[in-house]
Amino acid sequence: MKILSIETSCDETGISVVEQLSGSETITLLGNALASQIELHAQYGGVFPAMAKRAHAEKIIPLTIEALTSAGLLTPSSVKTTASEGNNHRELIENLCSKEQEMIPVLIEFFNTYEKPDLDYIAVTVGPGLEPALWVGINTARVLGAVWSIPIIPINHMEGHVVTAAVIETPDTDPKQYVFKNLEFPVLSLLVSGGHTELVLAHSYGQYDKIGQTRDDAVGEAFDKVARMLGLPYPGGPAVSRLAAEFRTKGFENPFILPRPMLHSQDYDFSYSGIKTAALYTVRDLVTLPDSVAAKRDLTEDEKMALAAAFEDAAIEVLVKKTIKAAEEYGVQTVIVGGGVAGNTYLKNQLSSRAEALAKEGQHLQVFFPAPWLATDNAVMIAMAAVARIAARNIQTTLPEDLKANGNLSIASAV
Ligand code: KG4
Ligand code: ZN
């Protein structure tokens, strides 16, 4: 079984090709192409949907060619396409890509140049995310699926993040190989990214209950906003975390303490806008000079480091406390973490050491994190979610015309 997967929900355009031989548990990553829009969005400090859409539309077919070529699945077309065949495709492509006009000539050229590759499924992210961006991936899937007659599996982006910590990457194989861990369901999943902060109870692949979520900003978004206050580049998570780690190695007491909203609330919800605002006021008070409201100074490097640590301490403490509490209440033995913030070393250390402390008290709890390169958005996670669904016999293929983007798609609803 070979799957081509497509991810365009935010600011990464990803295409991957995976293969699982029948009777084998091993999943081989035959091809993987990823184009990040970070540099484009960094100038503005955030992602603009119209710009993201244009960048996806420009990159998606070259990346598809790259991934299929490294998978060895593209062969040049042996037959010269007749004018009428070309026109057939043209009409279909023009219909499906009416909002992505720039892709039409590229797609026509693509189908005229290459034979149909040996693929069984196309998996594509249908939500949540930025709808104009999602549509680029969806319309590409619709065209490829229709022209090549390949069934399409719609995938929830958050389910992609769930499965990244559920696979084991075999070290040092080229191409990379994966097997799914034998997880004992239900499993608790902490999903932390630029758009989401959620605690999800997974009963199986495809069956999820959301037990808590942020009421305002996502934790990754708060990292990005605090980074901006400290003059650090977008996306801010890794930069803030690096400064915080540097502060901790010095062993000083932190002069700044930021609030931990909802730490003691009885539910599993989160709130990150309060921490962000408190950080903003702290910065404002520091840089405003007493003799004139207009006069400002720059933050010192020591202040930046201490603020980064104060923010990370507060942000991560709430995540760890609520995750452990939920694991205990729901009696789960496994926590899997996913999303860009799953790449955060401090979160990993704090959550893992809480789980180890519980184990010493006789309470079995294991915590899994994704390989850092799979934590942020990519297409491999979308392919893995499709593999998990197929193995759980819980897939629904969709006709190209029925595929739709849903920017607010919840992990608890069917796709
Ligand atoms: O999952 P992702 O790539 O995209 C979304 O679906 O949002 O997550 C990106 C987010 C950004 O907010 C970024 O700042 C944050 O994840 N992030 C981190 C780290 N690496 C990425 N936050 C904290 N620590 C990190 N090491
Ligand atoms: Zn994501």
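As the structure lists them, so they are numbered: ligands from 1, and atoms in each ligand from 1.
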*asked:* Check this for me, if you would: do E303 and R297 make a salt bridge, where the nitrogen-to-carboxylate-oxygen distance has to be below 4.0 angstrom?
replied: yes

*Which atoms of ligand 1 have any heavy atom of H157 under 4.0 Å away?*
6 (O)

*Does any N, O or S atom of H161, backbone or side chain, fall under 2.8 Å from the Zn ion (ligand 2)?*
yes

*Does P238 have a non-hydrogen atom less than 4.0 Å from ligand 1?*
yes

*Would you mind checking if K210 and D269 are paired as a salt bridge, meaning a charged N to carboxylate O distance below 4.0 Å?*
no

_Subset of ligand 1 atoms that lie under 4.0 Å from at least one heavy atom of D224_ = 11 (C), 12 (O), 13 (C), 14 (O)

*asked:* Below a 4.0 angstrom heavy-atom separation, can you tell me which part of V341, side chain or backbone, both or neither, approaches ligand 1?
replied: both

_H196 to ligand 1, any heavy atom closer than 4.0 Å_ = no

*asked:* Strictly under 2.8 Å, is the Zn ion (ligand 2) approached by any N, O or S atom of H196?
replied: no

*How far is atom 22 (N) of ligand 1 from its nearest protein heavy atom, and which residue and atom is that?*
G237 CA, 3.3 Å

*Between R215 and D267, is the closest basic N to carboxylate O distance under 4.0 Å?*
yes

*Going by an N to O cut-off under 4.0 Å, is there a salt bridge joining E301 and K304?*
yes

*Tell me: protein heavy atom nearest atom 24 (N) of ligand 1, and distance?*
N344 ND2, 2.9 Å

_Below a 4.0 angstrom heavy-atom separation, can you tell me which part of H161, side chain or backbone, both or neither, approaches ligand 1?_
side chain

*Considering heavy atoms of the protein only, find what lies nearest to atom 7 (O) of ligand 1 and give residue, atom and distance to 0.1 Å.*
G194 N, 2.8 Å

*Is the shortest distance from a Lys or Arg side-chain nitrogen in E221 or K225 to a carboxylate oxygen in the other one below 4.0 Å?*
yes

*For T376, the ligand 1 atoms whose distance to one of its heavy atoms is below 4.0 Å*: 3 (O)

*Could you name the option among G343, S9, G160, G340 that has the heavy atom nearest to atom 1 (O) of ligand 1?*
G340

_Check whether F111 forms a cation-pi arrangement with R90 (NZ or CZ under 6.0 Å from the six-membered ring centre, at most 45° off the ring normal)._
no

*Atoms of ligand 1 less than 4.0 Å from G236 heavy atoms?*
14 (O)

*Is it the case that K176 places NZ or CZ above or below the six-membered ring of W373, under 6.0 angstrom from the centre and within 45 degrees of the axis?*
yes

*Salt bridge present between R389 and E159 (N-O < 4.0 angstrom)*: yes

*Write out the residue and atom name of the closest protein heavy atom to atom 4 (O) of ligand 1, then the distance separating them to 0.1 Å.*
D377 OD2, 3.1 Å

*asked:* Looking at R242 and E312, is any side-chain nitrogen of the basic one under 4.0 Å from a carboxylate oxygen of the acidic one?
replied: no

_For the Zn ion (ligand 2), give me the closest N/O/S atom belonging to D377, just the atom name._
OD1

*Does the cation-pi check pass for K2 over Y121, that is, NZ or CZ under 6.0 Å from the six-membered ring centre and within 45° of its axis?*
no

*Hey, which atoms in ligand 1 end up nearer than 4.0 Å to a heavy atom of G195?*
7 (O)

